[in-house]
Amino acid sequence: MAGVELENGKPVQELVENGIEFPNNYIWESPNFGTIDASVPLGDIPVIDITQLNDSDQLQSALSSWGCFQAINHGIENSFLEEVCEVAKQFFQLPMMEKEKYARQKGDFDGYGNDMILFHDQTLDWNDRLYLSLIPQDEKKRQFWPQNPQSFRTILNELATRIQQTEKMLLKSMARSLCLEEDCFLKKFGERRIIGARFNYYPPCPRPDLALGIKPHADGSTITFLLQDNEVEGLQVMKDDKWFRVPIIPYAFLVLVGDQMEIMTNGIFKSPVHTALANSTKERHTMAIFYSLLVVNLSMTSSIFLLFRFVV
Ligand SMILES: O=C(O)CCC(=O)C(=O)O
Ligand SMILES: [Fe+2]
């Protein structure tokens, strides 16, 4: 593992637009994870109504088996999430030159770009992304917050405010489900938590049998909220060494346990390995919101694992 990012890859969209021949460094091979298979069974992932979170057993059982659940009635209106998705889509549709104004710098998280290249022979993801730190205020890097579409910044601020209410409710319920004092995770977080949003864009891929949208990984966060594309499937999660497709429930958040939560719960809650497949004809948009404990004085390499744990 290199200490810093080796190079800054080109957006996948640029490869697609320039009609470049399918590059070898997107071909995914792993002896540990089998072949890419879009037809694995649909997972029976628990669906939990957040307003009915009194049933602690349901939450505990979901997080200690699947490591995730589909949260419905989470308090953020569909119409607002629709607006969030719309501005993200509009951003990715902008001309490359406009998006490049927000390009992520080598060795940094925030901004527009794609995979961090950390290994010489790293397989790349068929995915472009815009990562933005939302909370705390002093971690925000406003220069990467798009000014186009015009409402993007206002919507991001609104998202940051709203998502914190859902986060609080959920962390309290998670603590209760373990018979712990309900504020214990919140107190652990205190002011030392960081919330970042990652907008993922998966352009159509000429070889979805060869390339993955996102390689198998576990999130390094405490918890992640994932808003799937309303129409295009792609996410798979691993349970008991088998892959399952994650059903689409429009506007539900897939809440995933991250590595930090797995550690804080002594492994009772599982941080699941997941991956996203590419699609030959359809583009796909998702948004992941990561909550992480802010660990100070980490090297660049270590802090990458606050977002990702590569498993290949
Ligand atoms: O886009 C997806 O379905 C998965 C995204 C993901 O796992 C991530 O951003 O960490
Ligand atoms: Fe993830």
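Order of appearance sets the numbers: ligands from 1, and atoms from 1 within every ligand. In this chain, numbering begins with 1 at the start of the sequence shown.
- Per-residue contacts place Ala288 under 4.0 angstrom from the following atoms of ligand 1 (heavy atoms of the residue considered): 9 (O).
- Within ligand 1, counting atoms from 1 as listed, the ones closer than 4.0 Å to a heavy atom of His274 are 7 (O).
- The shortest N or O to N or O distance between Asn200 and ligand 1 is below 3.5 Å.
- Under the 6.0 Å distance and 45° angle rule, Arg162 counts as a cation-pi partner of Phe80.
- Close approach of ligand 1 to Arg198 is summarised as follows: ligand atoms under 4.0 Å from at least one heavy atom of the residue are 8 (C), 9 (O), 10 (O).
- In this pair, Phe225 and Tyr291 present their aromatic rings perpendicular. The plane angle is above 60°, beyond the 30 to 60° band.
- Among heteroatoms of the N, O or S kind in His217, NE2 lies nearest the Fe ion (ligand 2).
- Note on ring orientation: taking the six-membered ring where Trp is involved, the planes of Phe91 and Phe152 are perpendicular (angle over 60°, cut-offs 30° and 60°).
- Classification of Asp128 and Lys99 as a salt-bridged pair fails, no side-chain N sitting under 4.0 Å from a carboxylate O.
- Tested against Tyr201 for a side-chain hydrogen bond (donor to acceptor under 3.5 Å, both in side chains), the candidates Glu283, Arg284, Arg129, Lys89 yield a single pass: Glu283.
- Taking the six-membered ring where tryptophan is involved, the planes of Tyr26 and Trp126 are perpendicular, since the angle between them exceeds 60° and thus also 30°.
- For ligand 1, the atoms sitting less than 4.0 Å from at least one non-hydrogen atom of Arg284 are 1 (O), 2 (C), 3 (O), numbered in the order shown with element in parentheses.
- For ligand 1, the atoms sitting less than 4.0 Å from at least one non-hydrogen atom of Phe290 are 9 (O), 10 (O), numbered in the order shown with element in parentheses.
- Nearest to atom 4 (C) of ligand 1 by heavy-atom distance, out of Tyr202, Phe199, Tyr201, Tyr131, is Tyr202.
- Contacts of His217 with ligand 1, taken as heavy-atom pairs under 4.0 Å, involve the side chain alone.
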